[in-house]
Amino acid sequence: MESQAYNLWWLVILNAAIFVIFAFSFTKPRTKRDWRSLGAFSAFILALFTEMYGFPLTIYLLSGWLSSRFPGMDLYSHNMGHLWQTVFNLPGDPHLNLLHILSITAIFGGFWILASAWSVLYKAQRAGMLATTGLYAKVRHPQYVGFVLIMIGFLLQWPTIPTLILFPLLVYMYDKLAKTEEKEMLSQFGRVYKTYAASVSAFWPGGRSAA
């Protein structure tokens, strides 16, 4: 294994801490549900950076197939971790191609959504009102959309077996959390929330709203 590419555990800790702290600062978790959401996202981030800089489990498990499919390539070079680049034989530097640009756009877009949604939600909570402005005028759960968009960005950039397994599980978990949150909002705001939910979709602007 190329020592300069992996076993950099300080980078695992540093990068994971940076992204988790960013997510924490943008979401300000208060309830058990908030902490569960952030905790699940943190597990995804830790699994990602463990393979990116610590130990490349996915490359190790796929080494036989990769060696036969791409003979002569250094399996444990850092660039090899950009598996979509290798598998689809994309030209150029994996840090400069369109896929990487889309990845960075999705990641920063996701954090922007988290920050923008929290600003609206915080003001609404302080006023004891339902959040219906800003991104909440487009979707009912922009914070979960933000988390999913960040994860999609990382999967475009550095897919791993653990994160590919975690992703659908986390999407399912966020869907369940959103439904629990909606029951609480319906109980708290009654007809006001029902009217809001009937006109604004849950996760996708212009998508199907609640019945």
Side-chain angles (χ1 to χ4, degrees), residues 14-46 48-49 98-158 163 166-189 192-210:
L14 178 63
N15 280 276
I18 288 172
F19 279 94
V20 171
I21 290 171
F22 275 0
F24 175 86
S25 67
F26 291 152
T27 57
K28 305 290 195 307
R30 297 169 62 186
T31 66
K32 288 183 179 179
R33 182 178 61 249
D34 294 338
W35 283 105
R36 198 177 304 129
S37 173
L38 179 63
F41 176 77
S42 300
F44 179 94
I45 291 296
L46 183 59
L48 169 77
F49 285 114
L98 179 60
L99 200 60
H100 197 82
I101 294 171
L102 290 174
S103 166
I104 296 299
T105 301
I107 292 168
F108 280 95
F111 276 111
W112 176 83
I113 289 173
L114 290 180
S116 298
W118 168 248
S119 176
V120 173
L121 182 61
Y122 177 72
K123 292 176 182 177
Q125 287 177 338
R126 289 197 65 180
M129 299 172 62
L130 181 67
T132 59
T133 61
L135 291 178
Y136 283 91
K138 304 295 183 182
V139 292
R140 301 197 301 272
H141 304 285
Q143 71 277 27
Y144 298 136
V145 173
F147 278 130
V148 170
L149 191 59
I150 293 168
M151 290 189 290
I152 289 174
F154 278 122
L155 288 176
L156 287 174
Q157 181 180 148
W158 196 282
T163 53
L166 276 172
F167 179 71
L169 297 176
L170 294 181
V171 170
Y172 174 77
M173 188 200 76
Y174 287 139
D175 180 65
K176 298 291 287 184
L177 289 173
K179 289 177 180 176
T180 299
E181 183 179 296
E182 295 198 343
K183 290 178 181 178
E184 294 175 358
M185 293 298 99
L186 185 60
S187 175
Q188 181 177 354
F189 294 103
V192 173
Y193 185 78
K194 192 170 184 179
T195 301
Y196 166 69
S199 59
V200 179
S201 64
F203 303 108
W204 189 258
R208 184 180 177 184
S209 46

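The figures that follow rest on heavy atoms only: side chains count, while hydrogens, waters and symmetry mates do not. One-based numbering along the sequence shown.
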Trainee: How close do A16 and L46 get, heavy atom to heavy atom, and via which atoms?
Mentor: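 What the structure gives for the nearest pair is CB-CD1, 4.3 Å.
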Trainee: Rounded to the nearest 0.5 Å, how far apart are CD1 of I150 and CD1 of I45?
Mentor: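 Those atoms lie 7.0 Å apart.
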Trainee: Can you find a pair of side-chain heavy atoms, one from I113 and one from L135, that are under 4.5 Å apart?
Mentor: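 In short, these two side chains touch, coming nearer than 4.5 Å.
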Trainee: Side-chain contact test, heavy atoms from C-beta onward, threshold under 4.5 Å: evaluate it for L169 versus M173 and give yes or no.
Mentor: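 They are not in side-chain contact.
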Trainee: Main chain of L99, side chain of S103: is a donor-acceptor contact present, judged purely on distance under 3.5 Å?
Mentor: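 Flag not set: sc S103 to bb L99 has no pair under 3.5 Å.
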Trainee: What I'd like to find out is whether the side chain of E182 reaches to under 4.5 Å of the side chain of H141, using heavy atoms alone.
Mentor: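 Yes - at least one pair of side-chain heavy atoms lies under 4.5 Å apart.
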Trainee: On a heavy-atom basis, which atom in F167 and which in L155 lie closest, and how many Å separate them?
Mentor: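 Closest pair (atom of F167, atom of L155, distance): CG-CD1, 3.7 Å.
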Trainee: Please walk me through it: do Q188 and M185 pass side-chain contact (heavy atoms from CB on, under 4.5 Å)?
Mentor: CA-CA 5 Å; Q188 181 177 354; M185 293 298 99; 3.6 Å; yes
Trainee: Could you go step by step and tell me if F154 and F44 meet the side-chain contact (heavy atoms from CB on, under 4.5 Å) rule?
Mentor: CA-CA 10 Å; F154 278 122; F44 179 94; 4.1 Å; yes
Trainee: Between Y174 and Y144, how do the two ring planes meet: parallel, tilted or perpendicular, split at 30° and 60°?
Mentor: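 Parallel.
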Trainee: Does the side chain of F203 come within less than 4.5 Å of V139's, by heavy atoms?
Mentor: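 The answer is no, as the side chains (C-beta and beyond) never meet within the 4.5 Å cut-off.
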Trainee: Just how far is it from atom CZ of R36 to atom OG1 of T31, taken to the nearest 0.5 Å?
Mentor: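 The distance works out to 8.0 Å.
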Trainee: Roughly how far, to the nearest 0.5 Å, is CG of L186 from CD of E181?
Mentor: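 Going from CD on E181 over to CG on L186, the span is 12.5 Å.
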Trainee: Distance from I107 atom CD1 to I152 atom CD1, nearest 0.5 Å?
Mentor: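 Going from CD1 on I107 over to CD1 on I152, the span is 11.0 Å.
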Trainee: Calculate, to the nearest 0.5 Å, the distance between atoms CH2 and OG1 belonging to W112 and T105 respectively.
Mentor: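 It comes to 13.5 Å.
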Trainee: Checking side-chain contact (heavy atoms from CB on, under 4.5 Å) for the pair V148/V171: CA distance, chi angles, key distance, verdict?
Mentor: CA-CA 7 Å; V148 170; V171 170; 4.2 Å; yes
Trainee: Rounded to the nearest 0.5 Å, what's the gap from CD1 on I104 to CD1 on I101? Could you check?
Mentor: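 Answer rounded to 0.5 Å: 9.5 Å.
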Trainee: Among R33, K179, K32, which residue meets the salt bridge (Lys or Arg N to Asp or Glu O under 4.0 Å) test with E184?
Mentor: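 So, applying the salt bridge (Lys or Arg N to Asp or Glu O under 4.0 Å) to E184 and each of R33, K179, K32, only R33 qualifies.
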Trainee: What I'd like to find out is whether the side chain of T133 reaches to under 4.5 Å of the side chain of K123, using heavy atoms alone.
Mentor: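 No, their side chains stay 4.5 Å or more apart.
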Trainee: G134 and V120: which non-hydrogen atoms are nearest, and at how many Å?
Mentor: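 The pair with the smallest heavy-atom distance is CA-CG2, 4.2 Å.
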Trainee: Verify the distance criterion only: is there a donor paired with an acceptor across the side chains of S37 and D34 at less than 3.5 Å?
Mentor: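 Short answer, no.
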Trainee: Just by modelled atom types, is the Y196 backbone N or O under 3.5 Å from a matching donor or acceptor in the S199 side chain?
Mentor: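 Yes: the side chain of S199 pairs with the backbone of Y196.
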Trainee: Give a yes or no on whether the backbone of Y172 and the side-chain of D175 come within a donor-acceptor separation of less than 3.5 Å.
Mentor: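 No; judged by distance alone, with no hydrogens or angles, the pair does not exist.
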Trainee: Quick one: sort the F24 and W35 rings into parallel, tilted or perpendicular, breaks at 30° and 60°.
Mentor: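 Taking W35 first and then F24, their aromatic rings sit tilted (interplane angle of 30° to 60°).
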Trainee: What verdict does the side-chain contact (heavy atoms from CB on, under 4.5 Å) test give for L114 and Q143, after you've listed the backbone C-alpha separation in whole Å, the side-chain angles of each residue and the deciding distance to 0.1 Å?
Mentor: CA-CA 5 Å; L114 290 180; Q143 71 277 27; 4.2 Å; yes
Trainee: Which atom names give the shortest non-hydrogen contact between A106 and G153, and what distance separates them?
Mentor: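 Heavy atoms only, the tightest pair is CB-CA, 3.7 Å.
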Trainee: For residues A23 and F147, report the shortest heavy-atom separation together with the two atoms involved.
Mentor: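 Shortest heavy-atom contact: CB-CE2, 4.1 Å.
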Trainee: Taking the side chain as everything from C-beta on, heavy atoms only, tell me whether F111 gets closer than 4.5 Å to F19.
Mentor: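 In contact.
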Trainee: Write down the atom of L38, the atom of P29, and the distance for their closest heavy-atom approach.
Mentor: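 That closest heavy-atom pairing would be CD2-CG, 3.8 Å.
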Trainee: Evaluate the side-chain proximity of L170 to F41: yes if any heavy-atom separation is below 4.5 Å, no if none is.
Mentor: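 A side-chain contact under 4.5 Å is absent here.
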Trainee: Would you indicate whether the side-chain heavy atoms of M151 and T163 approach each other to under 4.5 Å?
Mentor: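 They are not in side-chain contact.
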Trainee: Ignoring hydrogens and angles, tell me if any N or O in the side chain of T180 forms a donor-acceptor pair with the backbone of K176 under 3.5 Å.
Mentor: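 Yes, T180 side chain to K176 backbone: donor-acceptor pair under 3.5 Å.
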